[in-house]
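Let me begin by presenting the structure, written as structure tokens, before commenting on it.
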Amino acid sequence: MTDKEETTMLYPLATLEADKLDAIKSLEKDIGSPVVALAGVEADTATLPEDQLKKLQELEEELGVVLVAVRPN
């Protein structure tokens with residue numbers, strides 16, 4: 001983020017109990033395609049100065065992941 005802080009939804013991989021995982025595996029078999037379970041989490045994003053934002057973006061590129069700076073609690 002550059003100028004303002006805002007709340008956004010993040011979607012990390014869900015933690016599943018065995019029965020839920022079994023249901024997903026069954027669905028995968030039925031539809032013939034892998035399924036990924038995500039869990040919605042609200043997060044307050046942090047305002048970053050341009051130089052810090054650039055560092056975050058560079059590390060994203062290097063690691064091949066999406067990084068989100070959030071405000072500390």
Side-chain angles (χ1 to χ4, degrees):
M1 303 309 312
T2 52
D3 324 78
K4 64 177 187 158
E5 297 169 346
E6 59 183 65
T7 299
T8 190
M9 290 298 292
L10 302 177
Y11 295 91
L13 293 175
T15 302
L16 301 172
E17 296 83 15
D19 59 332
K20 291 180 181 178
L21 186 56
D22 290 342
I24 292 170
K25 287 179 180 179
S26 177
L27 176 65
E28 288 177 326
K29 259 187 190 172
D30 288 347
I31 67 174
S33 183
V35 174
V36 177
L38 306 175
V41 177
E42 278 191 26
D44 294 325
T45 54
T47 300
L48 296 178
E50 200 62 37
D51 63 323
Q52 292 177 355
L53 180 59
K54 186 175 184 331
K55 288 179 182 180
L56 183 136
Q57 291 169 332
E58 288 171 353
L59 188 57
E60 281 183 322
E61 181 74 25
E62 180 183 327
L63 300 178
V65 298
V66 174
L67 300 174
V68 179
V70 296
R71 287 189 280 162
N73 292 345

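For reference, positions follow the sequence shown, starting with 1.
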Practice task
Quick one: pull up OG1 in T15 and CG in L21 and give me the separation to the nearest 0.5 Å.
Solution key: 11.0 Å

Exercise for the section: Report the distance from atom CG of L67 to atom CD of E62, rounding to the nearest 0.5 Å. Expected result: 10.5 Å

Problem - Minimum heavy-atom distance between T7 and E42, given as atom pair plus value - result: CG2-OE1, 3.6 Å

Problem - Non-hydrogen side-chain atoms of L13 and L38 separated by less than 4.5 Å - result: yes

Problem - In one Ile/Leu/Val/Met/Phe/Trp/Tyr side-chain cluster, 4.5 Å: L48, V65 - result: yes

Handout entry: Criterion side-chain contact (heavy atoms from CB on, under 4.5 Å) on L56 and Q52, from CA distance to verdict
Key = CA-CA 6 Å; L56 183 136; Q52 292 177 355; over 6 Å; no

Problem - More than 12 heavy atoms from other groups under 6.0 Å of CD on E58 - result: yes

Fill in the blank from the handout: Closest non-hydrogen atoms of I24 and A37, given as atom of the first, atom of the second and distance, are CD1-CB, 3.9 Å

Handout entry: Basic-acidic side-chain contact under 4.0 Å: E50, K54
Key = no

Practice task
Tell me whether Y11 is reachable from L16 by hopping between hydrophobic residues (I, L, V, M, F, W, Y) whose side-chain heavy atoms are closer than 4.5 Å.
Solution key: no

Handout entry: Single-linkage hydrophobic cluster, 4.5 Å side-chain cutoff, V70 and L63 together
Key = no

